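This structure is a prediction, so every number in the text was calculated from the model and none was measured.
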Amino acid sequence: MKTTRLFLMVLMVSLGTFSLANASESAATPITNEIPAEITVMLNRLEEIKDMDKSSLTRSEKKDLRIEVREIKKEVRSSGNGLYISAGAIIVILLILLII
């Protein structure tokens, strides 16, 4: 029981110092949120489609627009540089941490 408490205390201290060290590094380096030119062009095209008057279009033209929008959105999502973790993965990670 004493070793478990000692282990948990060491774990909390080490996690606290790790987050502080990481925070100081991120404050020193500027973060740039530049959007690549290709993505900007795709986003502009999406805005054009959104602003269009679609009431005068035929059924096949509307279908083509929908397909184009889906393809553009898929390309924008795939070009993202982020790391996405699902809610299920977060729950599993938390459960594993609680068990240990």
Side-chain angles (χ1 to χ4, degrees):
M1 189 68 170
K2 290 183 181 182
T3 57
T4 306
R5 287 185 184 173
L6 177 65
F7 176 75
L8 287 175
M9 288 174 51
V10 169
L11 180 68
M12 292 297 175
V13 169
S14 66
L15 288 176
T17 57
F18 177 71
S19 64
L20 291 176
N22 192 15
S24 65
E25 289 176 9
S26 64
T29 58
I31 299 174
T32 58
N33 291 332
E34 295 179 12
I35 300 175
E38 303 103 19
I39 304 298
T40 306
V41 170
M42 288 184 219
L43 292 174
N44 289 340
R45 177 64 182 149
L46 282 176
E47 287 297 321
E48 288 175 11
I49 293 173
K50 188 178 179 182
D51 294 337
M52 271 182 169
D53 182 25
K54 297 175 195 88
S55 61
S56 62
L57 298 176
T58 65
R59 188 175 194 175
S60 61
E61 291 171 339
K62 288 179 184 179
K63 184 177 180 180
D64 291 338
L65 279 178
R66 281 195 305 270
I67 291 171
E68 184 181 355
V69 167
R70 286 182 196 143
E71 289 175 1
I72 291 173
K73 285 184 178 182
K74 188 188 306 181
E75 288 178 26
V76 169
R77 284 187 197 123
S78 67
S79 68
N81 297 330
L83 172 68
Y84 300 102
I85 300 177
S86 67
I90 292 173
I91 292 172
V92 169
I93 292 169
L94 289 175
L95 287 174
I96 290 173
L97 289 175
L98 287 175
I99 291 172
I100 294 176

Salt bridge (charged side-chain N to carboxylate O under 4.0 Å, His left out) contacts touching residues 53-65 (sequence neighbours left out)
none
Under the criterion side chain to side chain contact (heavy atoms under 4.5 Å, CB included), which of Val41, Leu43, Leu46 is the partner of Ile72?
Leu46
Sole candidate of Glu71, Arg77, Glu75 that passes side chain to side chain contact (heavy atoms under 4.5 Å, CB included) when paired with Lys73
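Testing Lys73 for a side chain to side chain contact (heavy atoms under 4.5 Å, CB included) against Glu71, Arg77, Glu75 leaves exactly one candidate, Arg77.
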Apart from Leu97 itself, what residues make up its hydrophobic cluster, given side-chain heavy atom links below 4.5 Å?
Ile93
Could you work out the complete set of other residues in the hydrophobic cluster of Leu95, with links drawn between I, L, V, M, F, W and Y side chains under 4.5 Å apart?
Ile91
Residues which pass side-chain hydrogen bond (donor to acceptor under 3.5 Å, both in side chains) with Ser56, listed by chain and number, not counting sequence neighbours:
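Counting only residues at least two positions away or on another chain, Ser56 forms no side-chain hydrogen bond (donor to acceptor under 3.5 Å, both in side chains).
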Under the rule for side-chain hydrogen bond (donor to acceptor under 3.5 Å, both in side chains), what residues qualify as partners of Arg45, not counting sequence neighbours?
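For Arg45, the residues satisfying side-chain hydrogen bond (donor to acceptor under 3.5 Å, both in side chains) (neighbours in sequence not counted) are Glu48, Glu68.
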Tell me every residue that passes side-chain contact (heavy atoms from CB on, under 4.5 Å) with [X], counting only those two or more places apart in sequence or in another chain.
{"X": "Leu94", "answer": "Ile90"}
{"X": "Ala89", "answer": "Ile85, Ser86"}
{"X": "Val92", "answer": "Ile96"}

